[in-house]
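Input: a single structure, listed below in structure tokens.
This one's a predicted model, so the numbers in the text were calculated from it and none came from an experiment. Here is the naming used below: chain letters follow the sequence lines, and residue numbers restart at 1 for every chain.
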Protein chains: 2
Amino acid sequence: MDAQRIKVACSSCNLRELCLPMGLSAEEMGQLDTLISSRKRVKRGEALFSVGDRFTSLYAVRSGFFKTCVTTADGRDQVTGFQMAGEIIGLDGIVSDHHACDAVALEDAEVCVMPFNQVEELSRQFTPLQHHVHRIMSREIVRDHSVMLLLGSMRAEERLAAFLLNLVQRLQARGFSPSEFNLRMTREEIGSYLGMKLETVSRTFSKFVDDGIIDVKQRYVHIKDTEALRRIVNPQTCS
Amino acid sequence: MDAQRIKVACSSCNLRELCLPMGLSAEEMGQLDTLISSRKRVKRGEALFSVGDRFTSLYAVRSGFFKTCVTTADGRDQVTGFQMAGEIIGLDGIVSDHHACDAVALEDAEVCVMPFNQVEELSRQFTPLQHHVHRIMSREIVRDHSVMLLLGSMRAEERLAAFLLNLVQRLQARGFSPSEFNLRMTREEIGSYLGMKLETVSRTFSKFVDDGIIDVKQRYVHIKDTEALRRIVNPQTCS
DNA sequence: CGCGATGTTGAACATCTTCAAACGGTGTGG
DNA sequence: CCACACCGTTTGAAGATGTTCAACATCGCG
């Protein structure tokens, strides 16, 4: 609602190595600078978009943290992902011109607005961008498949271990510590994402603490033994 | 391996209303005829591609039935989807130039091979195709999210009911009966897709039979009460 | 400081899985 | 053509896992 007409350029963004322009050369990146017309701030708890909203743009997270979730007719909902800086939100809306999920900020956030018709237009003129857009969508598909694997064939401890490893790996790619961080989501949201109840999430955290694998204090998590988490996710493979 | 140099044209394909050219005009469709260079036959049980194979092409199912699945390091696997005539396989390979899942034919099948660099080239020249490719990828993402919802927050009966309704809806779109069909996959494959053990799948089928909702004889399924299935998926909403 | 939201823990319970046995259809070889 | 073996399926009973309900603790915010 409060889209801002700020001079914004991918080529000078400190997220450029993680975000849409990832892998593009400096000159190629310059081509993208026309794409981001505005930024938008989203307060904690507010929706960037909701189910049924008309789809117009993709969004790149500049700062803050989002969840996306879908809802059943009878009110149960499922968190389908958590998005942090440099990640793209909104791909669900392309197929029907309307969003198929809610995107909610878990903390005050800012996104770059990329009008999708401009993305498509620029993609036609600019081959590297075209391929990039395809890769981003494909990456989301591959990610979704690995979540299905998690939901379909892992038990609670494996799910939480996989979740923590994934989170820490993404945080590390953004220059944060590979061993400690603060969760931005509640136990309930973690549970929704992992297909378990909040109590089970809490119990599993406690078990990891008892086993000396992590320290937890509310949202703060310190991973003391990353290898142990890896062994939990891959029972056989890791020695 | 046995790609065939057959004269093939989307514009004269009887699947054109379901497949890639869906929604394009007759002239627009003509543009696509250069895209399909060959077809490929895949025998029951054979892989169209496997994890790690170099990605070159997307595939449109012309006949037959496929499953796609991912595998954990320790050998557990998860069926991520079942694909029937008109559906597109291979989008997982774009992101890394290598396939991230296996695609296996559940019955003798034939696919149209669409070299992806040609898809991209044609997409740049031909706006409706570009948008279409985006829509197909977005549709897969939305589908994956609904599977996550199923895996994350439904119980066994709801999962199987949702599965049957989805299957019958897609079969109906292809001109088959909305009430009876033959499953192409085993109980184990259904279970893998739905995140339950084959015994649970079997028991749940038996329960539906006891409740008079369906008839089952091995792979044959007759849906006697579609509304009852809908009520199972949406406990509250349906009266 | 107090309230509401979030997180933890225990005990009873529901659901699904595991293990085991038996059945049924299909295909092969004698 | 039949016997047999094999794969897939069904069903039962015991057990594991996660859920539900409830009580309590803790944190953050006004």
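Looking at every heavy atom in both residues, Ile190(B) comes nearest to Leu183(B) through CD1-CD1, 4.0 Å. Nearest approach of Met148(A) to Val147(B), heavy atoms of both residues: SD-CG1, 3.8 Å.
Helix-axis bend for the helix from dC1(C)-dG30(D) to dG30(C)-dC1(D): the local axis fitted to the five terminal pairs at one end deviates from that at the other end by 40°, rounded to 10°.
Atom NZ of Lys197(B) is separated from atom P of dT9(D) by 15 Å (rounded to the nearest Å). Here the P atom of nucleotide dT17(D) and the NZ atom of Lys207(A) are 11 Å apart, to the nearest Å.
Scored by the salt bridge (Lys or Arg N to Asp or Glu O under 4.0 Å) test, Asp53(B) finds no partners at all (sequence neighbours excluded). Evaluation of the salt bridge (Lys or Arg N to Asp or Glu O under 4.0 Å) rule for Arg184(B) yields Glu107(B) as partners, not counting sequence neighbours. Not counting sequence neighbours, Asp77(B) has no partner by the salt bridge (Lys or Arg N to Asp or Glu O under 4.0 Å) test. For Phe55(B), the ring-ring contact (aromatic ring centres under 6.0 Å, His included) partners at least two apart in sequence or on another chain are His99(B), Phe116(B). Take Ser179(B) and apply the side chain to side chain donor-acceptor pair (under 3.5 Å) test, not counting sequence neighbours, and it matches Ser177(B). Partners of Arg76(B) by salt bridge (Lys or Arg N to Asp or Glu O under 4.0 Å), not counting sequence neighbours, listed by chain and number: Glu158(A), Asp74(B). Residues forming a side chain to side chain donor-acceptor pair (under 3.5 Å) with Asn166(A) (at least two apart in sequence, or on another chain): Arg170(A).
Near DNA chain C, meaning a heavy atom under 4.0 Å from it, residues 146-158 of chain A has no residue at all. Residues of residues 179-193 of chain B that place a heavy atom closer than 4.0 Å to DNA chain C do not occur.
A 4.0 Å heavy-atom criterion places the boundary nucleotides of DNA chain C facing chain B at dT15(C) to dC19(C), written 5' to 3'.
For the pair Glu157(B) and Lys207(B), the salt-bridge criterion is met [side-chain N within less than 4.0 Å of a carboxylate O].
Residue Arg219(B) is classed as a sugar-phosphate contact, given heavy-atom separations below 4.0 Å to backbone atoms only.
Side chains of Val61(B) and Ile89(B) form a contact here, defined as non-hydrogen atoms less than 4.5 Å apart.
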Sub-3.5 Å pairs of nitrogen or oxygen atoms, protein against nucleotides 11-14 of chain D:
residue, atom, partner, partner atom, Å
dT11(D), OP2, Ser206(B), OG, 2.4
dG12(D), N7, Arg203(B), NH1, 2.9
dG12(D), O6, Arg203(B), NH2, 3.0
dA13(D), N6, Arg203(B), NH2, 3.3

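A donor-acceptor pair is defined here as one N or O able to donate and one able to accept, closer than 3.5 Å; such a pair exists between the side chain of Arg159(A) and the backbone of Gly195(A). No donor-acceptor distance shorter than 3.5 angstrom exists from the side chain of Thr204(B) to the backbone of Ala156(B), with no hydrogens or angles considered. No donor-acceptor pair under 3.5 Å is formed between the side chain of Glu140(A) and the backbone N or O of Met137(A).
For an aromatic pair to be called close, the ring centres must be under 6.0 Å apart, and Phe181(A) with Phe176(A) fails this.
Position along DNA chain D of the nearest nucleotide to Gln218(B) versus Gln218(A) favours Gln218(B) as the more 5'-ward residue.
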